[in-house]
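Please read these numbers as outputs of a predicted model, since none were measured by experiment. Hydrogens, waters and symmetry mates are skipped; everything else that's a heavy atom, side chains included, is used.
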Amino acid sequence: MSSEEDVVIIGAGIGGLTLALSLHQAGIACRIYEAVPELRPLGVGINVLPHAARELAELGLLPELDKVGVRTRESIFFNEHGQFVFREAAGLAAGFDWPQYSIHRGDLQTVLFDAVKQRLGPDAVVCGQRCTGATQDGESITAHFVSPDGERLPDVRARLLVACDGVHSALRKQLYPQEGAPRYSGVNMWRGTAVWKPFLSEASMVRAGWLDVGKMVIYPIRNDVDGKGSQLINWVAEITDPNPAIRDWSRPGRLEDFLPAFEDWHFDWLDVPALIRSSDSILEYPMVDQDPLPTWTQGRLTLLGDAAHPMVPRGSNGAGQAIIDARYLAGQLKRRGLTEEALQDYDKVRVAATTQVVLTNRTNPPDAILREVYERTGGKRFEQLEPIVSQAELQGISDNYKKVAGYSPAALKARPSFL
């Protein structure tokens, strides 16, 4: 037996949930099928940059995000000695019409999931059904499922199928069975969160150090978590390592594998090793991506988000690109109907755009600012930075990334809505 849907979405992550809300906004029926038996808020901190925040604003979600996230005010860079390198405003403070959010991934997913249930109904997300593949004919596509125990479940037929099933996507493997292993960047990362008193502007995204000696990304993701004004602080430690960690988002990490690189980071703006030690848990993950694909689409099947364009997390842009994928695809389906042509239009635009982001994340993401300072100073303290590297040059690195990623203020404001 099988049931029929208009659009089947595989995966209830950020991309899949945003797509469901966007299709509902466009008047298109859909249902999400998720592998896990129950959705739980997992992960640690992520950033929602203004180009993605615009899309969530158009879905009417900013009031809910304000309840659980932090509106980022600035991005600020230091070297491994704690010396100031570069600062620029973020979100509304930078002249955008939309904010930037630092937020727990689980909180963002919960906001999206609650909105899906409220707007599409309690049956809009079906859990405990892992998609193993799909077959199609000229009129429809059929998704095949198994239960968490591996038992075969009824097929689901649809007019279109969108795979939002993440970095281990079964449908990406179906499209590209000969694709090789993930490309390791040569860097492992460790992540965690800790309750801590506010630092700097209380809404600062800090990048410090460099990969060869240890790099940190640190920012608050929840306000007043204890009734005493403390914040939940997200941190990421990154170190060059020839041996990649296992590609598992939930793999526990060990302090002894990375903390020695940061033991001396006692700065006037933050005691970094104390912050790390106060974390409840630590996760380890290799910084990996996949080479960009020539196409994500085959007939009535297409990919979205991490299933389509896994990228090294060096531009605060993975979730944002999934959100934009979802909104752009919904707009094409609204204009062109539930057709293969609509999927091809989506494919043509979003493959090209995300290919640029994936490749730029490898070479010149925003933290390339730290690379330039580290290489030109030899990793030593400086008396004055300007003779070594100018603020204008560092600003240029940041501006170039905004252009590639699609969120320079003027261009974002001028762009018509996807829907």
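No salt bridge links Lys197 with Glu202; every basic N to acidic carboxylate O contact stays at or beyond 4.0 Å. A salt bridge links Asp291 and Arg362; the closest N-O separation between the charged side-chain nitrogens and carboxylate oxygens is under 4.0 Å. Note on Arg254 versus Asp257: salt bridge recorded, some NZ/NE/NH1/NH2 to OD/OE distance being below 4.0 Å. Between Arg336 and Glu341 there is no salt bridge, since none of the side-chain N atoms of the basic residue sits less than 4.0 Å from a carboxylate O of the acidic one. Salt bridge status for Asp107 with Arg222: present, with a side-chain N to carboxylate O gap under 4.0 Å. The existence of a salt bridge linking Arg191 and Glu284 is excluded, since no basic side-chain nitrogen approaches an acidic carboxylate oxygen closer than 4.0 Å. Using a cut-off of 4.0 Å between Lys/Arg side-chain N and Asp/Glu carboxylate O, Arg159 and Glu5 are scored as not salt-bridged.
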Subject >> Step-by-step side-chain contact (heavy atoms from CB on, under 4.5 Å) determination, Asp66 to Arg71 >> reply: CA-CA 7 Å; Asp66 282 326; Arg71 289 196 176 200; 2.8 Å; yes
**OP:** For the pair Ile239 and Val187, evaluate side-chain contact (heavy atoms from CB on, under 4.5 Å) and give the outcome as yes or no after the intermediate values.
**Re:** CA-CA 5 Å; Ile239 303 176; Val187 177; 5.8 Å; no
**OP:** Starting from the C-alpha separation in whole Å, work towards a yes-or-no answer on side-chain contact (heavy atoms from CB on, under 4.5 Å) for Ile141 and Val8.
**Re:** CA-CA 9 Å; Ile141 183 166; Val8 161; over 6 Å; no
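Annotation: Trp269 is in aromatic contact with Phe267 [ring centroid separation under 6.0 Å]. Taking the six-membered ring for Trp and the full ring otherwise, the centers of Trp235 and Tyr219 sit at least 6.0 Å from each other.
Arg415 forms a cation-pi arrangement with Phe418, by the criterion of a distance under 6.0 Å to the ring centre and an angle within 45° of the ring axis.
Counting heavy atoms from C-beta on, the side chains of Leu171 and Leu161 come closer than 4.5 Å.
The only option from Asp271, Ile218, Leu255 that meets the side chain to side chain contact (heavy atoms under 4.5 Å, CB included) definition with Ile276 turns out to be Leu255. With Ser417 as reference, Glu58 is the one residue of Glu58, Arg54, Glu55, Arg327 to meet the side-chain hydrogen bond (donor to acceptor under 3.5 Å, both in side chains) rule.
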Compile the donor-acceptor pairs under 3.5 Å between side chains in residues 312-322 and protein atoms, sequence neighbours left out, one pair per line.
{"from": "Arg314", "atom 1": "NE", "to": "Asp367", "atom 2": "OD1", "distance (Å)": "3.4"}
{"from": "Arg314", "atom 1": "NE", "to": "Asp367", "atom 2": "OD2", "distance (Å)": "3.4"}
{"from": "Arg314", "atom 1": "NH2", "to": "Asp367", "atom 2": "OD1", "distance (Å)": "3.0"}
{"from": "Asn317", "atom 1": "OD1", "to": "His51", "atom 2": "NE2", "distance (Å)": "3.1"}
{"from": "Asn317", "atom 1": "OD1", "to": "Gln321", "atom 2": "NE2", "distance (Å)": "3.4"}
{"from": "Asn317", "atom 1": "ND2", "to": "Tyr401", "atom 2": "OH", "distance (Å)": "3.3"}
{"from": "Gln321", "atom 1": "OE1", "to": "Arg350", "atom 2": "NH2", "distance (Å)": "2.7"}
{"from": "Gln321", "atom 1": "NE2", "to": "Ala405", "atom 2": "O", "distance (Å)": "3.4"}

Anything under 3.5 Å between a donor and an acceptor, one on a side chain of residues 117-124, the other on a protein residue two or more places apart or in another chain? List them.
{"from": "Arg119", "atom 1": "NH1", "to": "Leu59", "atom 2": "O", "distance (Å)": "2.9"}
{"from": "Arg119", "atom 1": "NH2", "to": "Leu59", "atom 2": "O", "distance (Å)": "2.9"}

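Not counting sequence neighbours, Arg73 has no partner by the salt bridge (charged side-chain N to carboxylate O under 4.0 Å, His left out) test.
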